[in-house]
Amino acid sequence: MSRPNKSLTKYKIVFLGEQGVGKTSLITRFMYDTFDDHYQATIGIDFLSKTMYLDDKTIRLQLWDTAGQERFRSLIPSYIRDSRVAIVVYDITKKKSFDCIDKWIEDVKNERGEDNVILCVVGNKSDLTDERQVSTEDGEKKAKELGAKIFMETSTKAGYNVKNLFKKIAKSLPEFQNSESTPLDETENSDNTKKTGIIDITTNDELQQSSCQC
Amino acid sequence: MVTNGGDPLRFSTGDGIDILASKEKFINYRFKAVRSPSVPNFHEGNYKNLNSSEPILASPIAAQPNYESDRDTENLVLNSEHDGTNSLIDLYRDEIVHENKDSNDSEEGEIFTRKEEEIENSSEVEQAFSGSPSKLVSVMDNAEHFDRYGFRKQNNFITEGVYNKWWEGYSQYCIRRKHKWVMLLEKSGLSVDNDMPTRFPPRSEKLKRYVRKGIPAEWRGNAWWYFVRGQEKLNKNKDVYEKLLVKMGDLNDEQQRKKLIDLDVIERDLNRTFPDNIHFQKEQFQNKEPPMIQSLRRVLVAFSLYNPKIGYCQSMNFLAGLLLLFMDEERAFWMLVIITSRYLPGVHNVNLEGVNIDQGVLMLCIKEYLPEIWEYIYPKQKLENQHKHDSLNISTEVLKNEFLFKLPPLTLCTASWFMSCFIGIIPIETTLRIWDCLFYEESHFLFKASLAIFKLCEQDIIKDKPLHKTLGQYTLPNSNRTSRYSRLSQDDYDMEIFQIIQSFPKRIIDPNDIFEKIIFKKRIALNRLDQQEIDRCRKYVSNQRLKYKNYKDLIGDQESLKKTTNRMNNNINIINNNNITRESNNNNNSNNNNNNTSSAAESLMKEINMTNDLMNDTLSSEVYGFKKGLSSVHWNNSIKERVKQMRRKREKDYQT
């Protein structure tokens, strides 16, 4: 509020997914680069906004953090309605949360139509390898089936892939579509996550979708 | 409360009734009937109960099979004979003596009797904590960072410095208020009863004022319980909680557990309830689940078994959690029952319709009492635009109320105010002051408090935007509001307001910002709001929403109905023309048979007519009228009359 957001293009991003998968944590990691073991359960909806600089461009991201419990789904549609990006999060250590992403994605499609929204599927808590219940391959496969443009595994605890996720999202926004010629420069990114989740984003999204997550 | 030497557990209720509970059943319940010992010495300031490795909680552990241990012989020690000011500590000592024979523990118990300055004296602390010095000292190092309820003082919005500075004054205020309360009780012939009064004076303007100025923190559990008539509820439902716990213990069967999705949801929220509160945290170097979390689990699971219509709804974890800081489990459970039924009806139901209704009511209240803000939340321009675009030609009357169905975006922020009764929304001392009033004055106080918050940030909402926003050409100084609205997207507005409404309350550290600045100012219109108004308003919004829902359904249906009827009419024609075959071009209706096609079409026609009726019904809905002050006109008799006329007319129409 304090900073003038003159001429900044704003994009609404809504975070969806089962309760406790790490939506708030994902946002907090992105916003403040911090992590807590326990966040308070989100009731209703929380709103945060962040200015993002990328490739000499500045955009304003409006992040909508939602409550995960099933019954809150009925309250959320109006926020999905004009979101540019929907991030559906599951917990790789909880199969059930993975099974739930269908419902959330369906909600988004119902509200937004498939083509008007950038759908992202995010498998969080990837640091908990011992407790993993959903393989990366399964995640990727399902994301593709559901028509998600972006799939990523993140660990908000380890700070893994979070920046990448948002960069990737930003890159797929119209703001970056025209002038885009260089792939995302990953060396600038401190996530040390060379081997997974890094995709060259080119102007042609469609072709790139399939190759995400090596 | 008197102990009864091991015989049936007897404790005195808020109503002065003695309850006998069979020992077998309550074998190891230790009711903190008076107050949770886990909430120590509220008026002294910093949180001090950091050293009990076996936190002193009155938690029935019925769900765990192995609980019948050495506690069987335990008596209910609900009150003690020691004198006034330090009675809390005495309670501690009693409990500890009963519970742990370990002398170290009782020494720890004594620590609570020490005054703050003593505790600050490190050598004494060392000595006192000699039982397990390293751990305790490290916890004591932390103590200053937590408030008297065990919440971390600092958060994203308030620094510890700000907190301490404010607390310096506010703690004095609390002591002064408490003194007044003591005098009030004495004057009313009620016993302060070792600083744990269980009865309070009869309702009066004076008492209301006292409550509004804050119930002494250590009396809160009892006072809330008394004001909501909790004991009445409990007496009618003796043993219910305990039976629920038994039922809960039986839930080991995997299948049974599966049926209750709530269990899983509850489980995941337990550690996400007040993670910044000492009582809800695991102790350092220990993996044991804090007793508070165990209590919370039992209360929430018991509730979900008790009221399957609600089950478990996120936010109830906070309600129950806060209650547990002030009272024992069973009372917390019944308070939760009372809150979710009496004060927030339907709010936590599966469809959350109660939330929507209350948000509709809140919007109506803002419109009525804070019209300046309402203009920003729901600009007229928007309304007019909608009219233009509305092909359905709906009368303005209805659209005036459209915000009751299509709630403005900020209601998703304010929804959480109601769901959690401001826990986590406003700093804790302020929240508790609102809770005091909620239980004394009933649910309208939640609306009043909400309006007060809006009133407090009125300047932010109005001034900060669009005038001071660097939106260049959009903020022509001479332009009137309407034109600004037309140029600034409503979406931008909504975001701005949302953000203010979301973050502003988090800074209301001083309860008197709400109370002294708003609630006690009689001239401020919103203070006219009373329970009757809210009850009426809720009914109205509920009806309107229902009507609208029917209307929407029917509008949606009408299109398809029309299509179907057309198709059916075609069918009939075809059938008439060709008596033999049903096979026609109308693939869709290939299942119909001759006989019922025509009757179905007929009934569909009827339905369409009915739809029109219902639509008219919605269209003619009256606008809500608030009761005005005595000096001005009484509400809306003309509309009442009109409604009656319309009803009469409609009835006639139906008859003919």
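Each chain gets a letter, A, B and so on, in the order the sequences are listed, and its residues count up from 1. We use all heavy atoms of the structure for the numbers below, so side chains are in, but hydrogens, waters and symmetry mates are not. Computed from a predicted model, the values in this text were never measured in an experiment.
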Decide side chain to side chain contact (heavy atoms under 4.5 Å, CB included) for Ile45(A) and Phe498(B); before the verdict, give the C-alpha distance in whole Å, the side-chain angles of both, and the deciding distance to 0.1 Å.
CA-CA 10 Å; Ile45(A) 203 156; Phe498(B) 196 105; 3.3 Å; yes
Run the side chain to side chain contact (heavy atoms under 4.5 Å, CB included) test on Asp276(B) and Gln40(A) for me, step by step, so that the C-alpha distance in whole Å, both residues' side-chain angles and the decisive distance to 0.1 Å come before the verdict.
CA-CA 9 Å; Asp276(B) 64 334; Gln40(A) 296 226 140; 3.9 Å; yes
Under the criterion side chain to side chain contact (heavy atoms under 4.5 Å, CB included), I'd like the reasoning laid out for Asn356(B) against Leu75(A): C-alpha separation, chi angles, the key distance, then a yes or no.
CA-CA 9 Å; Asn356(B) 292 324; Leu75(A) 296 182; 3.4 Å; yes
With side chain to side chain contact (heavy atoms under 4.5 Å, CB included) as the criterion, how do Lys94(A) and Arg268(B) come out once you've worked through the C-alpha distance, each side chain's angles and the decisive distance to 0.1 Å?
CA-CA 11 Å; Lys94(A) 289 216 169 59; Arg268(B) 271 186 283 167; 4.2 Å; yes
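Taking 4.5 Å as the limit, some side-chain heavy atom of Phe72(A) sits within range of a side-chain heavy atom of Met419(B). At least one side-chain heavy atom of Met495(B) sits less than 4.5 Å from a side-chain heavy atom of Lys12(A). Counting heavy atoms from C-beta on, the side chains of Gln69(A) and Tyr312(B) come closer than 4.5 Å. Counting heavy atoms from C-beta outward, Arg71(A) and Ile310(B) have side chains that approach closer than 4.5 Å.
With a 4.5 Å cut-off on non-hydrogen atoms, Phe318(B) touches chain A through its side chain but not through its backbone. Only the backbone of Thr42(A) comes within less than 4.5 Å of a heavy atom of chain B; no side-chain atom from C-beta onward does. With a threshold of 4.5 angstrom between heavy atoms, Gln314(B) approaches chain A through its backbone and through its side chain. Heavy atoms of Asp46(A) lying under 4.5 Å from chain B belong to its backbone as well as its side chain.
Counting all heavy atoms, side chain and backbone alike, Arg272(B) lies closest to Tyr39(A) at CB-O, 3.2 Å. Annotation for Ser74(A) and Leu352(B): closest pair OG-CD1, 4.5 Å, computed over non-hydrogen atoms.
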